[in-house]
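The structure appears right after this line, and notes come after that.
By convention in this document, chain letters (A, B, ...) are assigned in the order of the sequence lines, proteins followed by strands, and residues within each chain are numbered from 1.
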Amino acid sequence: METWAPRSTARSSTGPGGTPPAGHAPSSIVTVTTEPVRVRFAPSPTGALHIGGARTALYNWLLARGSGGAFVLRIEDTDRERSTPENVEQILDALRWLELDWDEGPFSQAERAERHREQIERLLWEGDAYEHEGAVRLRVPDEGETVVTDVIRGTVTFPHSAIDDFVIRRSDGSPLYNLAVAVDDLDMGITHVVRGEDHLSNTPRQAMILRALGADPPVYAHLPLLHGTDGKKLSKRHGAASVQELRAAGYLPEAVRNYIALLGWGLDASTTFMTTDDLVKSFSLERVSKSPAVFDEQKLRWMNGRYLRELTPAELAARLESLLGREGLVGAAEVAQEKMQTLADFWPLAGFLVERQPPQEKAWERVMKNGALERLGAVRAALAEVEPFQEEQVEEALRAVVEEFGVKPKDVFQPLRVAITGGTISPGIFESVTALGRDEVLARIDSALERG
RNA sequence: GGGGGCGUGGUCUAGGGGUUAGGACGCCGGCCUUUCACGCCGGAGAUCGGGGGUUCGAAUCCCCCCGCCCCUACCA
């Protein structure tokens, strides 16, 4: 099925964090690639882009980039009732955030209605379609069958007896989905139609229209659908299911790409982490699985954490700053990095480094007892003397207090933690103290002693 | 009802005649240890949807059944 063409050029993404948005110029040479394909992502703007749509877009994009072909964006907005400009903008936003840049479009299918009507006229004229009660229907033979060749599913046969003459133009003159899709795919020179399996049953209809128009159907590939953890169709009740929700929940686009790429596709038995470049190079429709997958946010969290830890503190800070709308987070980001799984984890974990947090009653009650305040007083005295106020010296001083009292380390560290963070959970105490700075630490200890 | 697709631990998957059915997330236990994580080590968890065949041997091939999903709209 694949034709290997040596020495052709292909555009390539620049990998995690570096893929520029739409319209980027740099290209790189890859030595082996498939024949260039023209693919399209054709969402219907009836809501936010959810993870299933994002995966469809990603697979199409990977195919285009991996072959040096083109990724066409087409908005299927022929349902004027449900399609809104806001939804269109949301989808474009989501694609931009995912860094899936398109080469052509976005085209509005509704704006191509003239062209669709033209082709309907032709079908009418040639007798492949007929008018009935104002609507136009395509003539489907009673006998025979239409065979769809699908890269993922093999040969699928649809008996004509099970397909009625279907409407391609409403009585108000507006073209319908199956007609518009077939005409657009043809006009746009689409070579591979890669979409959700929910469209498999529509495929013979589109193929029939194409044939009636004198064209050969493109190569089809129907992807397995995505479900929620309860096995039902993905929806709001399954947590962060839309791309914007994923973004707001603090996931990294490169992690999301890696994760969703693996929902229905895998390179081999064990490869899990793949840069976007790796994906571009190795993605193939032949290895896409046939069965539906369930979106598991827990696994995404884990994977996102791994990506987060590979960022430099400066990169991490930049992402946090744009998500939280704050500045100067590098120090705090560095301290919190090893314990975060999403960007949203940052504030609960390290917000105390940015501004004082209200003390948590339960933490206070549990820790500030049995001489804790006395030890905290000793900690204050020790920290006041530390010179220079750096991690190594801070640790030395605090361990000396532990020695002095002959207690377990946590008997000294936990009261200090509660005093400076307000709670019992935080990054390492030495890093935290150092990052906060002497003046602020002493001030917080004083407040704690006062309160105590 | 008709047509189509899919079915490997809770989840993502590898494997497609002979494997102790492999890996990952999650879960449990341990180590590390200043909390929580990370990391490392170990463990539980799958009669490969069910039943028949074919075969010395089937998750893998054949047949039947069941379940779920999609299409069957003047939605996309």
Side-chain angles (χ1 to χ4, degrees), chain A residues 42-46 76-83 109 132-137 145 148 150 152-154 156-164 166-178 180-181 195-205 222 224-225 227 229 231-233 259-260 262-273 287 289-303 305-306 308-309 336-341 345 348-349 363 366-367 395 398-399 402 408-418 421 423-430 432:
Chain A
S44 175
T46 53
E76 310 217 314
D77 51 358
T78 54
D79 180 348
R80 282 92 54 114
E81 296 286 296
R82 295 190 297 162
S83 303
Q109 191 162 63
H132 178 69
E133 290 182 348
V136 175
R137 290 176 182 269
E145 54 197 30
V148 170
D150 187 290
I152 297 168
R153 306 192 185 259
V156 187
T157 303
F158 298 86
H160 290 159
S161 57
I163 303 176
D164 294 330
F166 54 99
V167 178
I168 55 176
R169 194 195 72 189
R170 297 185 181 89
S171 49
D172 69 1
S174 57
L176 247 18
Y177 170 75
N178 282 124
V181 168
R195 71 226 307 189
E197 197 207 319
D198 48 339
H199 287 107
L200 182 55
S201 300
N202 282 141
T203 307
R205 297 186 176 82
H222 287 92
L225 261 20
H227 295 288
T229 37
K232 291 184 179 156
K233 218 173 170 177
Y259 175 73
I260 64 180
L262 263 23
L263 240 31
W265 177 83
L267 177 61
D268 53 37
S270 60
T271 304
T272 303
F273 288 93
R287 286 194 62 84
S289 89
K290 293 178 166 77
S291 49
V294 173
F295 168 56
D296 179 10
E297 192 174 347
Q298 296 226 71
K299 190 160 185 174
L300 207 212
R301 280 188 68 83
W302 163 79
M303 181 170 274
R306 296 279 301 253
L308 225 43
R309 256 161 263 127
Q337 185 166 26
E338 63 173 2
K339 295 175 195 296
M340 296 165 54
Q341 280 194 310
D345 290 344
L349 190 65
R366 189 143 35 86
V367 174
E395 173 166 2
L398 291 176
R399 291 207 187 275
V402 172
K408 291 180 177 174
K410 70 174 176 183
D411 295 324
V412 169
F413 300 160
Q414 280 302 76
L416 173 57
R417 192 185 309 278
V418 172
T421 74
T424 55
I425 298 175
S426 85
I429 194 69
F430 313 126
S432 296

What does A:Ser44 touch in the nucleic acid at a heavy-atom separation under 4.0 angstrom: a base, only the sugar-phosphate, or nothing? sugar-phosphate

Taking only the side-chain heavy atoms of A:His227 (C-beta and beyond), determine which of B:A76, B:U11, B:C69 contains the nearest atom. B:C69

Using the closest heavy atom to pick a nucleotide of RNA chain B for each, name whichever of A:Glu338 or A:Asn178 lands nearer the 5' end. A:Glu338

Give A:Gly305 one of three labels, base, sugar-phosphate or nothing, depending on what nucleic acid heavy atoms sit under 4.0 Å from its own. nothing

Considering only the C1' atoms, how many Å lie between B:C27 and B:U35, rounded to the nearest integer? 23 Å

Work out which heavy atom in A:Leu262 is nearest to a heavy atom in A:Met303; give both atom names and the distance. CD2-CE, 4.2 Å

Distance between P atoms of B:G26 and B:C63 (Å, rounded): 41 Å

Which nucleotide wins on minimum distance to the side chain of A:Arg137, given the candidates B:A73, B:C74, B:G3? B:C74

Consider the side chain of A:Tyr177, meaning its heavy atoms from C-beta on, and name the nucleotide among B:C69, B:C6, B:A76 that approaches it most closely. B:A76

Hey, are A:His222 and A:Arg195 close enough side-chain-wise for a donor-acceptor pair under 3.5 Å? yes

C1'-based separation of B:G52 from B:C66 [nearest Å]: 14 Å

Whether the side chain of A:Arg169 engages the backbone of A:Val136 through a donor-acceptor N/O pair (distance < 3.5 Å, no angle test) should be reported. no

Using a 4.0 Å heavy-atom cut-off across all strands, classify A:Phe430 as base, sugar-phosphate, or nothing. base

Atom-to-atom span, CG of A:Leu308 to P of B:A37 - whole angstrom: 17 Å

Considering only heavy atoms and no angle criterion, is a donor-acceptor pair shorter than 3.5 Å present between the side chain of A:Ser426 and the base of B:C36? no

Per A:Asp198 side chain, nearest of listed nucleotides B:C70, B:C25, B:U13: B:C70

Looking for any heavy atom pair under 4.0 Å, which part of the strands does A:Leu176 touch: base, sugar-phosphate only, or nothing? sugar-phosphate

Which part of the nucleic acid, if any, lies within reach of A:Ala162 when heavy atoms closer than 4.0 Å are counted: base, sugar-phosphate only, or nothing? sugar-phosphate

Under a 3.5 Å distance rule, please check whether A:Asp77 uses its side chain to pair with a backbone N or O of A:Gln109 as donor and acceptor. yes

For A:Thr157, answer base if it contacts any base atom (sugar-phosphate contacts may also be present), sugar-phosphate if it contacts only those atoms, and nothing otherwise; contact means non-hydrogen atoms under 4.0 Å. sugar-phosphate

Kindly say whether, by distance alone, the side chain of A:Ser291 makes a donor-acceptor pair under 3.5 Å with the base of B:G7? no

Nearest to the A:Ile429 side chain among B:C12, B:U34, B:C71, which nucleotide is it? B:U34

Report yes or no: does A:Arg82 contribute a side-chain atom to a donor-acceptor pair with the main-chain N or O of A:Pro45 at less than 3.5 Å? no

Pair A:Arg301, A:Gln298 - check side chain to side chain donor-acceptor pair (under 3.5 Å), show working. CA-CA 5 Å; A:Arg301 280 188 68 83; A:Gln298 296 226 71; over 6 Å; no

Mind calculating the distance between CG (A:Asp296) and C1' (B:U11) to the nearest angstrom? 5 Å

In whole Å, what is the span from the CG atom of A:Asn202 to the C1' atom of B:G5? 13 Å

Quote, to the nearest angstrom, the P distance that separates B:G50 from B:G43. 27 Å

How are the rings of A:Phe430 and A:Phe413 set to each other: parallel, tilted or perpendicular (split at 30° and 60°)? perpendicular

Suppose you measure atom P in B:G42 against the same atom in B:G22; what distance do you get, rounded to whole Å? 15 Å

Phosphate OP1/OP2 of B:G26 contacted by A:Arg301 side-chain N/O (<4.0 Å): no

Among B:A14, B:C74, B:C6, the nucleotide that comes nearest once only the side chain of A:Ser171 is considered: B:C74

Who pairs with B:C6 - Watson-Crick or G-U, where each distance is under 3.5 Å: B:G67

So which nucleotide from B:U35, B:U72, B:C69 ends up closest to the side chain of A:Gln414? B:U35

Does OP1 or OP2 of B:A73 have a side-chain N or O of A:Arg205 closer than 4.0 Å? no

So, OP1 or OP2 of B:A76: does either fall under 4.0 Å of a side-chain N or O from A:Thr78? yes

Taking the C1' atom in each of B:G9 and B:G15, what is the distance between them to the nearest angstrom? 15 Å

Nucleotide nearest A:Lys299 when distance is taken to its side chain, options B:A24, B:C36, B:U72: B:A24

Could you state the atom-to-atom distance from NE2 of A:His199 to P of B:U72 in whole Å? 10 Å

B:A76 phosphate, OP1 or OP2: any side-chain N/O from A:Arg195 under 4.0 angstrom? no

Can you measure A:Arg366 atom CZ to B:U35 atom C1' for me and round it to whole angstrom units? 9 Å

Can you check the distance between B:C32 and B:A46, where both ends of the measurement are the P atom (answer in whole Å)? 32 Å

Choosing from B:C75, B:G22, B:C74, which nucleotide comes nearest the side chain of A:Glu133? B:C74

Distance (rounded to the nearest 0.5 Å) between A:Leu200 CG and A:Arg153 CZ: 6.5 Å

Considering every strand and a 4.0 Å limit on heavy-atom distances, what is the contact class for A:Arg153: base, sugar-phosphate, or nothing? sugar-phosphate

Donor + acceptor pair across side chains of A:Arg170, A:Ser174 (<3.5 Å): yes

Any strand is fair game: report the nucleotide pairing with B:C40 by Watson-Crick or G-U wobble, both distances under 3.5 Å, or none. B:G30

Write down the distance between CG (A:Leu200) and C1' (B:G5), rounded to a whole number of angstrom. 6 Å

B:C12 and B:G49: how far apart are their P atoms, nearest whole angstrom? 14 Å

Value in whole Å for how far the P atom of B:C69 lies from CD of A:Glu197: 12 Å

Looking across every strand, which nucleic acid part, if any, lies under 4.0 Å from A:Pro427 by heavy atom: base, sugar-phosphate, or nothing? base

By nearest nucleotide on RNA chain B, pick out whichever of A:Arg287 and A:Arg306 is the more 5' one. A:Arg287

Take the protein atom CH2 of A:Trp302 and the nucleotide atom C1' of B:A37, then report the distance between them rounded to whole Å. 16 Å

Ignoring hydrogens and angles, does a donor from either the side chain of A:Lys339 or the base of B:C38 sit under 3.5 Å from an acceptor on the other? no

